[in-house]
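These figures come from a predicted structure and were not determined experimentally.
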Amino acid sequence: MKIDAVTIFPEYFAPLKLSLLGKAQESGIVEFGIHDLRSFATNVHNQVDDTPYGGGAGMVMMPEVWGKALDPLMSAQSDLIILTPAGRRFDQPMAAKFSKASHLVFACGRYEGIDDRVRQHYLSKNHRVHEVSIGDYVLGGGEVASLVMIEAITRLIPGVLGNPESLAEESHNQEGYLEYPSFTKPQNWRDIPVPEILLSGNHGEIAKWRAAQAIERAKENL
């Protein structure tokens, strides 16, 4: 998979070189391209934003700069993801869908967002355009949200995780449940013992216990 991100803060994406994502790049499973939006600015001040038509607080990112940045990246194989609080909520099924794509382009907005004509233009050219939010809160920009999505998406690509069984263990999350609680050595820590069922060796009963715990966690966190 090829993943491109357009941002005014390329340094935000340094974590992509770490851990499993770093190894996935080294093995050629995933390829990342990080592009500085300011390098496509058209004036001496590298301006990428301006005041909004109709008035209001804040600044809006200019479509001309975004067009220059995105045009060389977009193709028939590309999915353009615009990070915005107004977008569809990101979830595990969406991550699974994006993990099957061949090319993702993340547009990391800032300030009051990206001029909506950017979205309209690429839709009019029959590109797949997705407005996505990672939650009901406001961030300083789309970079953090992009990193969250990239990690959730790429770990579903075959070969990225060292142990494929980890994905099978998480399959219940597709149904909205949460992870069951996990335990390791020592058997007793600060007078809190590991649940006896996990020491029983009865894998059928352990599976039932874990499923029940996942459901209880989901209820508690509604």
**Study point:** Rounded distance [0.5 Å steps], CE in M62 versus NZ in K68
**Key:** 11.0 Å
**Study point:** Spatial distance of atom CG (N43) from atom NE2 (H45) [nearest 0.5 Å]
**Key:** 6.0 Å
Revision key, fill the gap. Between D116 and Q120 the two heavy atoms that sit nearest each other are OD2-NE2, 2.8 Å
Practice item. Please identify each residue that fulfils salt bridge (Lys or Arg N to Asp or Glu O under 4.0 Å) with R89, with sequence neighbours left out. Key: D136
Study note, to complete from the structure: To the nearest 0.5 Å, atom CD1 of I81 lies from atom CZ of F106 at 3.5 Å
Review point. Same cluster for L83 and V60 if Ile/Leu/Val/Met/Phe/Trp/Tyr side chains link at under 4.5 Å?
Key: no
Review point. Who passes salt bridge (Lys or Arg N to Asp or Glu O under 4.0 Å) against E216, sequence neighbours left out?
Key: K219
Practice item. Start with the C-alpha distance between I3 and V105, add both sets of side-chain angles, then the distance that settles side-chain contact (heavy atoms from CB on, under 4.5 Å), and finish with yes or no. Key: CA-CA 6 Å; I3 297 177; V105 180; over 6 Å; no
Review point. With sequence neighbours left out, what residues match K125 under salt bridge (Lys or Arg N to Asp or Glu O under 4.0 Å)?
Key: none
Check your understanding: Are side-chain heavy atoms of L198 and W209 found at a separation under 4.5 Å?
Key -> yes
Point to revise | Straight-line distance of Y180 OH to I206 CD1, nearest 0.5 Å | key: 10.0 Å
Review point. So, R217 side chain and E179 main chain: donor-acceptor pair closer than 3.5 Å or not?
Key: yes
Revision key, fill the gap. Residues Q213 and P181: closest non-hydrogen pair is CB-CD, 3.6 Å
Review point. Are there more than 12 heavy atoms of other residues, nucleotides or ligands under 6.0 Å from atom OH of Y137?
Key: yes
Review point. Can you check whether V132's main-chain N or O pairs, donor with acceptor, with R88's side chain at less than 3.5 Å?
Key: no
Check your understanding: Any side-chain heavy atom of I134 within less than 4.5 Å of one from L139?
Key -> yes
Practice item. Check the side chains of H103 and D79 for a donor-acceptor pair under 3.5 angstrom, ignoring hydrogens and angles. Key: no
Exercise for review: Quick one: closest heavy-atom pair of V118 and P63, and the distance?
Suggested key: CG2-CA, 3.7 Å
Do any side-chain atoms of residues 142-152 form donor-acceptor pairs under 3.5 angstrom with protein atoms, and if so which ones, sequence neighbours left out?
{"from": "E143", "atom 1": "OE1", "to": "R110", "atom 2": "NE", "distance (Å)": "3.1"}
{"from": "E143", "atom 1": "OE1", "to": "R110", "atom 2": "NH2", "distance (Å)": "3.0"}
{"from": "E143", "atom 1": "OE2", "to": "T7", "atom 2": "OG1", "distance (Å)": "2.6"}
{"from": "S146", "atom 1": "OG", "to": "G142", "atom 2": "O", "distance (Å)": "2.9"}

**Study point:** Separation between CD of E31 and CG of D4, rounded to the nearest 0.5 Å
**Key:** 7.5 Å
Review point. Thinking salt bridges, do D36 and R38 make one under a 4.0 Å N-O criterion?
Key: no
Which atom pairs, donor and acceptor, lie under 3.5 Å between side-chain atoms of residues 8-25 and protein residues at least two apart or in another chain?
{"from": "Q25", "atom 1": "NE2", "to": "L16", "atom 2": "O", "distance (Å)": "2.6"}
{"from": "Q25", "atom 1": "NE2", "to": "L21", "atom 2": "O", "distance (Å)": "3.4"}

Review point. Where do Y122 and W66 come nearest, in terms of heavy atoms and distance?
Key: OH-O, 4.3 Å
Review point. Taking the side chain as C-beta and beyond, is there a heavy-atom pair between Q92 and L156 under 4.5 Å?
Key: yes
Exercise for review: Could you tell me which non-hydrogen atom of M74 sits nearest to which non-hydrogen atom of L80, and how far apart they are?
Suggested key: CE-CB, 3.8 Å
Practice item. List the steps, then state whether ring pair (Phe, Tyr, Trp, His ring centres under 6.0 Å) holds for F98 with H130. Key: CA-CA 11 Å; F98 282 138; H130 316 268; 5.0 Å; yes
**Study point:** Contacts of S133 that satisfy side-chain contact (heavy atoms from CB on, under 4.5 Å) - sequence neighbours left out
**Key:** none
Check your understanding: Are L199 and I197 connected, step by step, through hydrophobic side chains (Ile, Leu, Val, Met, Phe, Trp, Tyr) whose heavy atoms are closer than 4.5 Å?
Key -> yes
Review point. If you round to the nearest 0.5 Å, how far is CD1 of I29 from CE of M1?
Key: 11.5 Å
Check your understanding: What's the shortest heavy-atom distance between S99 and I157, and which atoms?
Key -> O-CG1, 3.9 Å
Review point. Are D50 and Y111 linked by a side-chain donor-acceptor pair shorter than 3.5 Å?
Key: no
